[in-house]
Amino acid sequence: MRIRFTFWLVVLLVIPAPLFATMQDETDVDVQVREIAKTLRCTVCQTENIWESGAPLAQQMRGVIRERIALGHSTEEIRAYFLSRYGDYILMEPPKHGVNWFIWVAPFLLLLVGGFFLYKEVTHWVRDTPTPPNQPTPPLDDQARKRIERELES
Amino acid sequence: MIIEIGHFSTIVALVLSVFGMASAALALKTRNPDWARSGRMAVTLIFVLLGVGMLSLVYAFIIRDFSVLYVANNSNSKLPFFYTVAAVWGGHEGSLLLWVFILSVFSTLAVWLHWRTQPAIMPYLIGVESAIIFGFLCLIVFLSSPFERLLPVPLDGKDLNPLLQDPAMVMHPPMLYMGYVGFSIPFSFAMAALFSGRLGEEWIKVTQRWSTFAWMCLTTGILLGGYWAYYELGWGGYWGWDPVENASFMPWLVGTAYLHSVLVQEKRKMFKVWNLFLIIVTFSLSLIGTFLVRSGVLTSVHSFATDPERGLYILIFVGTVIGIAFGALILRSNKLKSQVEMDSLISRESIFLFNNLFFLVAAATVFLGTLYPLILETLQDAKVTVGPPYYNAVFMPIALGLLFLMGIGPYIPWRKASVASLKKSFSTPLLAGAVIVVLLFVTGIHNLYALAGSYVVAFAGMAIVLDFGKISQLYAQRNGSNILQGSLAAFTANQRRYSSMLTHIGVLVLVVGIIASTVYQTEKVVSMRVGDEFTIGDYRMKLTKIHEVAGGNWNAQEGVFEVFDGESLITELRPQKRIYSATQTPTTESAIYAINMGHIFLTMPEVSEDGVTVARGVLNPLVLWVWGGGVIMGLGVILNILRPRKKEE
Amino acid sequence: MTKGWQLTLILTLLGLFALFYQGLWGDPRHIPTVLIETEAPNFEGPDVETGQTISLDQFKGKVVLLNFWASWCYECKVEHESILRLHQLFKDNPDFVMLGVNYQDELPDAQQYLQQYGSTFSHVRDLKGQLAIDYGVYGVPETFVIDQQGKIRHKWVGPITGEVYTNITQKVIAPLLNGQSTPTTS
């Protein structure tokens, strides 16, 4: 009885498909697949994630993600699975632990240290430059006017 | 036969480059101008001979001479004619020949252009350029010749990589190389300054147009590359932080720092060592980029085409050039005890220094990110990926800082700025930024990046407009003309400054495009059959049919999508799934429709036999601003280069 | 420039070029695997030639060599002969099993490949690529050695020829079969 019901249900759903335009949309699963796939590297490509890559391996990996979502695995579990198979290499960014912290803080460290040295150096230069202190700067419009005069002359 | 002529000319060019170096050395030693003259002849002849080499290769491609190995590897009897020319630089060997050919063009131009005014520099210029040409020609002639014959002659060629069969690929490599190579001219002048000890401002003034031109070419090349990636790779993005892209971005960053920093030396005669350092780093990064891209040190796991011998040669050559350049800088630097005069931390000089810091940190970040996998592998035997999420995260703050400085630098006086003048110049821009942020927030934009980006863009943009508006007004008052004439007068009176401001505006437009199209990109992937529809954003796409189409060297399944905005049909998009016949390589061809300065971007990644099609729609708001900004930047640079010469130049 | 800056510059350049030099000789195929010393994932799949189901479980307690290959893969052809030789060497040992894993392939192509180049052991088809992903495979050929306890002891990316062949037969498989515990290698 139940089998027959299912059969007719399937027939009813499938047959009219070409006859009526149906609105297709992404399911929550699709969105989740994309979310996960964008963070994983296609291991045989040049810095491409498995969402954007057209390589067969990437396609299969997307399939694996979908299957695991269907089995009820969470995003974190699926990422952890890939990580356990391929190591850090599979992640699109260096994981923030251990020695990798270096590359995460390096840009800001460089900016801070560089900025500090530059600041010290500049103030040092300023101190060593003999200038009449507190020369009143003319207001901007005067300055601009002067610039124009200069430019017109040259 | 023709190809042998090309091969032979290239070998003669190699011999002449040795002669060029020798005559440069003799010119310096004997002080006999005849040697310099013969050096000039050598450089000119190298250009002619390499031109013959290039033409012979072009000819081999045009007649589809598959007995030439390089042609057989990069062309095919069915490859459209248009792309056969692009195929000349579609592979390693040919693109290397293009590199050195452009180098010879620039060297020849530089030698003839500056012959009269810079006689003392000439021997150095000839020597350095010949040496670089020599290095590359050795690589071409001995390790990567595009002129090799193939026996037995294959019936057909293997075809050009389908991804490279694209109009943008015709112009992208030449532009990029013109950028890389263009910096060799200021580099040569800098080396001349170092070797000769004439370390004044002259070399900077003479090469200002060269560096600006090189910078423009590099910018254009990078943007064209982005455009290519955008519609050819089919994922709807234009920048992937790929090692190859990074290799072009690093010299751009340092080159940009250099363009700004030389202004300080021109005006205030300071930071001589620093500018020499910057131009050496810029050109070195061009060379290192060549090494990284062509040696295979950074290639992915399963590209087996690495050739350590070739890589080793490039490394030795690049190492020698860089070693000599920095060696000279270090040896001379003791002589260059610069007499820095700084009146205040709040001055244009100081802002320029911080601008340099930010650019260098940006370059160092890209450098480190690109090399980090290699470093980790060498030291730790571990492998990681440094991909876009990393760069996007760390690059954003640096870029924001740079944009902020861009709003300050040009409008803060030299030497010392008073609090009053600061208030006058920057209170309105600061306010403008705040107003924009509030407005955007109210209209529903809550993304932190978008808001922060909008703030600095509005700030910097307002600063530009305010300054130029004020000056234009003054000119109008003075000449008794209207504001439009006034602004034109202001622009021509100081074309160098205001053309640069135009370039800055281009940067701001570009940044808006980047932020909008990254933060507010929407994407949808659905499986559908003919007759089905899907919506993305405000648009509805209906797949009306799928049919077979064929091009000269490919077959494709083409989907016809009707795009509706509400009930009205706005366009039809036809993405394709192509198979290129010669290599059986599949590609996805995107279909793009421009609307409201943005793009509707559609691809069809999969078409299965039972008629189920996977369609991928992407909305990229304001993405046209990315390239529009690039065009404005280029326009600014052209106006800069074409400005009338002033007396002191 | 002060002495300090000069020194920093020189050291940076030297370090950089040392790194580049080292990088040139680095093997791009060498990927440190995280799977060594971990339980070999079980799998099940049809035999390429007979269609019968093969699973890893049925070889429990034996030393298993898994060789991932595909008919479209050039380097697999390169290693094919030595793979057959390797099987010849150990096939009489009851504790040794060799399994091919056919990866991202069409069945007729795979069957034709085996007919053309010869085969003396069974091959499992990896239908959805799940098996390869379970083993963290990047591409073909890749070879794994699993010990009697079901742990992965060795992995090699690339063809098993020359020195690699000597290493895998003498230093990995032979000691395992003799019941000696070997230093784990990747």
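Each chain gets a letter, A, B and so on, in the order the sequences are listed, and its residues count up from 1.
For a residue to count as touching a neighbouring chain, one of its non-hydrogen atoms must lie under 4.5 Å from one of that chain's; by this rule Ile90(A) does not touch chain C. Residue contact with chain C, scored on non-hydrogen atoms closer than 4.5 Å, is absent for Gln59(A).
A side-chain donor-acceptor contact under 3.5 Å links Gln104(C) and Gln60(A).
Counting only distance, with no hydrogens or angles, the side chain of Glu79(C) and the backbone of Ile160(C) share a donor-acceptor pair below 3.5 Å.
Within a 6.0 Å radius of CD in Gln58(C), other residues, nucleotides and ligands contribute more than 12 heavy atoms.
The candidate from Asp134(C), Thr38(C), Leu35(C), Val137(C) with the greatest count of non-hydrogen atom pairs under 4.5 Å with chain A is Asp134(C).
Classification of the Trp5(C)-Phe117(A) ring pair by plane angle, with boundaries at 30° and 60°, yields perpendicular.
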